[in-house]
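Notes follow once the structure below has been shown.
Below, each value reflects all heavy atoms present in this structure, side chains not excepted, and no hydrogens, waters or symmetry copies. Chain A is the first sequence line, chain B the second, and so forth, proteins listed ahead of strands; every chain is numbered from 1.
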Amino acid sequence: MSSWYETTLTGWGRTGLSTSEVNDLHSVIELLAMFDTRPQVLARGLGRSYGDAALNTGRAIFRTAGLERAVEFDHDTGHFTCEAGLSLADLIRIVLPAGWFLPVTPGTRQVTVGGCVAADVHGKNHLNSGTISRHVLWLDLLTAGGEIIRCSAEENSDLFHATTGGMGLTGVILRVAMRLRKAETSFMKVNRLRTANLAETMNALTIADEIWESSVAWIDGLSYGQELGRGEVILGHHAKQEDLTFKLSVEPHRMPDESRLSIPFDFPLNVLRQSWLRVFNSHRFKRITTGESMEDIWQFHYPLDALNGWNRLYGPLGFHQYQFVIPDQGAESFMGYALKRLQNVQESPVLVVLKRFGAGAGWLSFPIPGWTMAVDLPYSPRLFDVLEKLDKRVVTLGGRVYLAKDERVLPKHFREMYPDIERWLEVKRNVDPTCRFTSDLSRRLLIDQEIMGSRP
Amino acid sequence: MIENWIIAGATGGLGSAIARELADKGCNLTILGSPLSKKLLMENVRDLEIRSGNPVKSGIVDVSIPGTFKAMFDKLELDGRPLGVIWSIGVLWPQGELERDPIRASIAHQINYTAAIEFLELAAAHMKASDCGHIVALGSPAGDRGRRSNYLYGASKAALHTHLEGLRHRFAKSAIVVTCVKPGPTRTPMTAGMTQRLQADPKLQARRIVSGIQRGRQVVYAPSIWWPVMKIVRHLPNLIYDKLDL
């Protein structure tokens, strides 16, 4: 039986240490036995949330990465059921050889299935496939009362829509059943284009989205003037058997080994300096090979997974990823404005990614139709002030910030960004009136206060 | 590599991680667990079946009862295909507790080593007939040299090491491979509550161990850094060793 111990944790951005009591779970039985031993808890998977979503300072955390059993896999229909702590990396190892792949995948495979559902993640194919919750058949949720409730879009649908995107605040997701997508091969047919400025980048994405299943743009964050927003538009869809060259078709579901490269220690200072990045970015920009090619799924979806622990490169202060989405109206001018604004912050921005979104989903799910930009920013004292000002504009434009990457949005902005919050709070009041499930994020956004305050 | 594996102690910790690693490689597995973990054993069977694409057999064994492994080996039907066995049952109870209660220490030895005798010898007898196979057991760097902080655990592992050494010597002229695995501290239920900093990830450990098994190594330290470390520790003169706080 596992036991509680005290340890310090951080978000993926490593901006601050948080001490909590942790229990590494290995089975659902264990969770049920340990659940009542602590008054306020939070489930944490592999800790890839950038900000404070997976932190619970001074309280208790269940680490769920040990709940990683496959429960059911139908090779014909592609219906897959597993425990929520299974990582996408392991999931792929199980399903890809049988010709199936994730319907939606974030930019890393070192996340748990439960975490993906709780953050209702999107992928490069959002325009076509939506968020992960669209492909969830059902999920089992351990609620505050100790009950296990099965919910789906049809059954207990309110709880389902509150849980997908609910950042783990409605309960612990125990098992998830989802519909996989067919993947004839483990390769992607990829098209890369070089774009000269922001307008061209956005234009290329808009046109290409009609044709290609997946799309994303890398932007040279340090470009300026006429070239502001120049970059590379990356388009892809799953390759069919007949797309493969003879050499590749010998082993169409080839699985590469997990990367062994890793950053072995915490860097004593941020090595990602603007001066170096400027060289790197312009080099990368010049070396973009335009045209069609064949890449494996890993190169296409998970380029950053090639280097384990890359977040340690940012040094002791850590970094922040600012990801927002705004509707089409006024998107171009705001993207340009945001880029320029962030370039004035110390050593920023390191990595900029731009993408178009389709329809939204759960009540606290991030995507809405429009444009999203994700920017990696080394932490500096002035950073959060600048971002707060950007938040204001995002709110006026009807946009929002991604909770899975956040650690600083103000409660008042949060409420304007997520207008469905009232419906969500209603569900939360019903299933968890005493806030047994809480996190640093929920307390910062005054969710707990709202719930507890509404009780006499 | 051998495709049929029996894993004793596959309901938690390293044992189940190794089972998953072997399942991912498509092996045929039989997993054994204690009567207390019956439900977990069934969940793991389902998981391993999906991962390996093969049916997985399971069995309940009670290491406190002598003869518990006999029935399982008697039932074994392999049609002459080679067999591999992995012993990964063990307990690591705090040294202080065992010093205060020597009876508990002898129970720990019963689980860690005495029960293994039967398992290893039955496996050896089974393999002798076909003259091929693979015997693996999880020892520990703690068994390399007695230390004041955990010699009661270390002694049981040292016995296991010597047993494996003997088996290897016995089968040196045959195609039976014997591997002694010595994993360093790993983040498993066994070590819950101990210092976290140096603990390795069980999945990575399983990958290292299985790759060592695949290569037919005699001793596998996981991670391999423990090999030079223990080499030094073992060769320190007592004069120095006794002064160290290990």
| said: Let's go through B:Glu21 and A:Arg93 carefully: what are the C-alpha distance in whole Å and the side-chain angles of both, what is the deciding distance for salt bridge (charged side-chain N to carboxylate O under 4.0 Å, His left out) to 0.1 Å, and is it a yes or a no? | reply: CA-CA 11 Å; B:Glu21 193 65 28; A:Arg93 282 222 280 177; 3.6 Å; yes

| field | Test salt bridge (charged side-chain N to carboxylate O under 4.0 Å, His left out) applied to B:Arg81 and B:Glu3, step by step | value | CA-CA 8 Å; B:Arg81 280 167 300 165; B:Glu3 285 186 349; over 6 Å; no

| field | From CA spacing to verdict: ring pair (Phe, Tyr, Trp, His ring centres under 6.0 Å), A:His75, A:Trp100 | value | CA-CA 8 Å; A:His75 287 234; A:Trp100 296 93; 8.6 Å; no

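With a threshold of 4.5 angstrom between heavy atoms, A:Thr81 does not approach chain B through any atom at all. Contacts of A:Leu86 with chain B are made by side-chain atoms alone, with heavy-atom separations under 4.5 Å and no backbone atom involved. If you measure heavy-atom distances from A:Glu83 to chain B, the contacts under 4.5 Å come from the side chain alone.
A donor-acceptor contact closer than 3.5 angstrom is absent between the side chains of B:Gln95 and B:Ser149. Residues A:Asn23 and A:Tyr5 have side chains that never bring a donor and an acceptor to within less than 3.5 angstrom of each other. Using modelled atom types, one finds a donor on one side chain and an acceptor on the other under 3.5 Å when comparing A:Thr37 with A:Trp4. Side-chain atoms of A:Asp305 and A:Thr108 include a donor-acceptor pair closer than 3.5 Å.
Residues of residues 50-66 of chain B that come within less than 4.5 angstrom of chain A, heavy atom to heavy atom, are B:Ile50, B:Arg51 in numerical order.
Side chain of A:Thr19 to backbone of A:Thr7: no donor-acceptor contact under 3.5 angstrom is found.
Counting heavy-atom pairs under 4.5 Å between each of A:Met255, A:Glu68, A:Arg69 and chain B puts A:Arg69 at the top. Per-residue counts of heavy-atom pairs under 4.5 Å with chain B were compared for A:Asp90, A:Val28, A:Val95; the largest is that of A:Asp90.
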